[in-house]
Amino acid sequence: MFATRNDIPEPQRRSVSAILNERLADVLDLAMQAKQAHWNVKGPNFIALHELFDQVYAELLAATDDIAERVVALGGVAEGTVAAVAKQSHLPTYPLNIATGAEHIDALATSLAAFGKAVRRDIDRTAELGDADTADLFTGLSRALDKQLWFLEAHRQSPA
């Protein structure tokens, strides 16, 4: 950890930084999964899904910066290389052999939901470590993830 005048004690900053780096790996993986869907979707709803997947990507990309910069603000090192992401991501592996809109929606929604669950868990974990700011960052991210999940799932839902 780097020296900082941040008044959160170093052991807690170290723990929070580790949590943030776990979510950084996940969000970078998830952003690339959204791009994978964006590039490879086929079918009758191509343009709508192509644009939706790019919107999901943009939302996730903004989150990467917030998460990484919070790690560094706490005195940690943001671990955002491809090798670090591949090693640390907890998300399901995105299938490379899918093409239809439905397949991409399902795969991306599964990963998005898994990431959302981890973020919600980490709201509590970081609050318990005395870092309300990181808990707040995760709270805002959780709302954004739920909205993106809704956008994806709406394409697969039909009226009851």
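For this chain, numbers begin at 1 and follow the sequence in order.
Annotation for L108 and A37: closest pair CD2-CB, 4.5 Å, computed over non-hydrogen atoms. Nearest heavy atom pair, residue E79 against residue N21, reads N-OD1, 2.8 Å. Between L60 and V27 the shortest heavy-atom distance is O-CG2, 3.7 Å. Annotation for N6 and A73: closest pair ND2-O, 4.3 Å, computed over non-hydrogen atoms. Contact between S17 and M1 at its shortest, heavy atoms only, is OG-CE, 3.8 Å. Annotation for R13 and G75: closest pair NH1-CA, 4.1 Å, computed over non-hydrogen atoms.
Cluster membership check: W150 shares its hydrophobic cluster with L112, using side-chain heavy-atom separations under 4.5 Å among Ile, Leu, Val, Met, Phe, Trp and Tyr. Grouping the Ile, Leu, Val, Met, Phe, Trp and Tyr side chains by contacts below 4.5 angstrom, directly or via other members, places F115 apart from M32. Under a hydrophobic-cluster definition in which Ile, Leu, Val, Met, Phe, Trp and Tyr are linked whenever side-chain heavy atoms come within less than 4.5 Å, directly or via other members, L49 and Y57 are assigned to different clusters. Taking hydrophobic clusters as Ile, Leu, Val, Met, Phe, Trp and Tyr residues chained together by side-chain heavy-atom distances below 4.5 Å, L145 shares a cluster with L137. V71 and L61 fall into different hydrophobic clusters, where Ile, Leu, Val, Met, Phe, Trp and Tyr are joined by side-chain heavy atoms under 4.5 Å apart, directly or via other members.
Every residue two or more places apart in sequence or in another chain was checked for a side-chain hydrogen bond (donor to acceptor under 3.5 Å, both in side chains) with E22, and none qualifies. Here D136 pairs with nothing under the salt bridge (Lys or Arg N to Asp or Glu O under 4.0 Å) rule; sequence neighbours left out. Applying the ring pair (Phe, Tyr, Trp, His ring centres under 6.0 Å) test to F46 and every residue at least two apart in sequence or in another chain returns H50.
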Less than 3.5 Å apart, which donor and acceptor atoms pair up between the side chains of residues 91-98 and the rest of the protein, not counting sequence neighbours?
unit_1 : atom_1 : unit_2 : atom_2 : d
Y94    : OH     : H104   : ND1    : 2.6

Show me the donor-acceptor pairs within less than 3.5 Å that the side chains of residues 116-128 make with the rest of the protein, sequence neighbours left out.
unit_1 : atom_1 : unit_2 : atom_2 : d
R120   : NH1    : S142   : OG     : 3.2
R120   : NH1    : D146   : OD1    : 3.0
D122   : OD1    : R125   : NH1    : 2.8
D122   : OD2    : R23    : NH1    : 2.5
T126   : OG1    : D122   : O      : 2.7
T126   : OG1    : I123   : O      : 3.3
T126   : OG1    : A135   : N      : 3.4

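Between atom CG of residue L141 and atom CD of residue E59 there is a gap of 8.0 Å, rounded to the nearest 0.5 Å. One distance of note links CG of D29 with CD of Q36; it measures 11.0 Å at 0.5 Å rounding.
Put simply, the side chain of F151 reaches to within 4.5 Å of the side chain of Q55, judged on heavy atoms. Residues T100 and I105 are not in side-chain contact: their nearest non-hydrogen atoms beyond the backbone lie 4.5 Å or more apart. Contact annotation: the side chain of L24 never approaches that of Q88 to less than 4.5 Å [non-hydrogen atoms, C-beta and beyond]. In this structure, R156 and D106 have side chains that are in contact, with non-hydrogen atoms separated by less than 4.5 Å.
In this structure, the side chain of E103 engages the main chain of A99 through a donor-acceptor pair within 3.5 Å.
Of the listed residues (D131, I8, L129), just one forms a side chain to side chain contact (heavy atoms under 4.5 Å, CB included) with S15, and that residue is L129.
Annotation for V77: hydrophobic cluster partners, listed by chain and number, are F2 (ILVMFWY side-chain heavy atoms under 4.5 Å, direct or chained).
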